[in-house]
Amino acid sequence: MNTLFKCLVYDKQVSLSVLDTTDLVNKAIKIHNLEGKSAELLGNLLTVCAYMSGCLKSQRGAVSITVKSKDGSGSASVSGDVDLHIRGYVDGSCKHTLKGGTLTVIKDDGFSRPFVGACEIGGDNVSRIMTDYFHQSEQIPTAVSVGVKLADDNTCLSAGGVVLQLLPGTSEENMARAEEAMGNFLHPAEAISTYGAEGIIRTFFAGEIEQKGLYLLHPDYICNCSRAKFEGIIATLGKEELLAICKEQGAVKVHCHYCNTDYTFFEEDILKLFDK
Ligand SMILES: [Zn+2]
């Protein structure tokens with residue numbers, strides 16, 4: 001089961017999150033038939049998205065993270081909501097390589113205007129990309145270490161990560177402790193497979209956490225698409241246009257990139273749609 005543990009450490013000045021997203025990443029690999037680089041890139045982005053979704057404050061909150069390659073030949077996108085339903089896809093050249101480009105993060109709390117942060121990225125190291133992002137765009141010192149460990153057959157053996165975020169007013173001493181602690185997680189997927197998410201907290205942060213201050217959440221790979229949702233989207237094209245497509249192509253076909261599901265609407269479905 002996927003887990004996200006959250007707690008405060010170092011005199012309650014630093015927020016610690018530890019994630020085990022092995023099952024979630026395996027689901028993504030299966031849905032999108034990922035291998036090697038594409039499994040690592042999407043897996044790491046899904047883990048970061050699970051972390052950021054766990055930080056959402058409003059019931060209607062949502063977050064999306066998109067990376068686009070410099071030449072526009074590929075992209076990867078993930079999104080999540082307050083229920084920690086995480087989904088994503090990777091396409092084009094990003095399936096094989098990402099040598100820099102742009103990162104865009106949209107955080108929507110469901111009330112005010114969404115926060116949009118963007119920055120240039122230098123490579124494909126998601127931990128570095130997100131650490132830079134938090135520093136540049138949100139101006140919150142945050143150390144992100146995420147990883148995916150794959151077997152030869154592209155099954156995910158372990159995935160997850162550790163995130164330490166400094167709260168306002170963190171002392172120099174506790175900053176140094178946080179930095180030193182991150183040195184233990186240069187290979188986060190290895191750490192997850194060795195200790196497990198809870199084991200990481202008990203092993204590396206023993207004595208720093210209050211038992212009752214430990215939150216446990218369960219992210220999962222779940223797409224929020226539905227036939228009804230796509231009905232609403234295609235209806236905006238209008239009855240005539242949809243019937244014309246049916247005549248020409250036999251049916252209106254819509255594809256959800258996030259869960260690789262096809263929705264097919266035949267002429268009778270279109271007529272019913274406008275009959276309501
Ligand atoms: Zn879907």
Side-chain angles (χ1 to χ4, degrees), residues 1-2 4 19 21-35 37-56 58-69 74-95 98 103-110 114 116 126 146 148 154-156 159 217-237 241-242 245-246 249-266 268-270 272-273 276:
M1 187 185 273
N2 305 294
L4 161 55
L19 300 107
T21 51
T22 310
D23 290 347
L24 198 157
V25 173
N26 265 322
K27 242 188 206 179
I29 288 171
K30 214 176 248 175
I31 289 170
H32 297 290
N33 209 8
L34 304 174
E35 51 182 30
K37 286 273 176 199
S38 64
E40 281 174 29
L41 178 63
L42 192 61
N44 284 327
L45 288 172
L46 288 165
T47 300
V48 170
C49 191
Y51 160 70
M52 292 181 80
S53 298
C55 299
L56 290 167
S58 134
Q59 280 308 306
R60 288 184 292 170
V63 58
S64 75
I65 307 167
T66 303
V67 295
K68 276 202 170 77
S69 66
S75 66
S77 188
V78 293
S79 66
D81 59 26
V82 75
D83 296 321
L84 274 82
H85 292 175
I86 316 297
R87 56 190 192 143
Y89 65 86
V90 48
D91 65 20
S93 61
C94 283
K95 283 187 170 174
L98 176 63
L103 166 81
T104 308
V105 174
I106 303 174
K107 281 205 283 187
D108 189 353
D109 64 12
V116 181
V126 173
V146 289
V148 171
N154 289 306
T155 307
C156 174
L217 301 165
H218 294 291
D220 202 359
Y221 194 106
I222 293 172
C223 186
N224 60 3
C225 76
S226 67
R227 193 171 171 88
K229 211 166 192 175
F230 278 111
E231 274 178 359
I233 294 169
I234 64 165
T236 59
L237 286 173
E241 175 72 19
L242 292 168
I245 295 171
C246 283
Q249 298 170 18
V252 177
K253 287 179 186 159
V254 205
H255 181 74
C256 176
H257 288 286
Y258 287 105
C259 62
N260 245 340
T261 304
D262 288 308
Y263 292 93
T264 308
F265 300 91
F266 294 102
E268 65 214 63
D269 300 318
I270 304 295
K272 240 187 254 168
L273 190 61
K276 280 176 187 168

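Whatever order the structure lists them in is the order used to number ligands and atoms, beginning at 1. Count residues from 1 along the sequence.
With a cut-off of 2.8 Å, the protein N/O/S atoms near the Zn ion (ligand 1) add up to 4.
Side-chain atoms of T47 and T21 form a donor-acceptor pair, as typed in the model, at a separation below 3.5 Å. A side-chain N or O of S77 and one of T66 form a donor-acceptor pair less than 3.5 Å apart.
Legend: residues meeting side chain to side chain contact (heavy atoms under 4.5 Å, CB included) with H32, ordered by chain and number and at least two apart, are L34, L42, Y89, Y221, N260.
Taking the ring centre of Y263 as origin, the terminal cationic atom of R227 falls outside the region bounded by 6.0 Å and 45° from the ring axis.
Taking 4.0 Å as the cut-off between side-chain N and carboxylate O, R60 and D81 do not count as a salt-bridged pair.
Side chain of D83 to main chain of H85: no donor-acceptor pair is present (N/O by atom type, distance under 3.5 Å, no hydrogens or angles).
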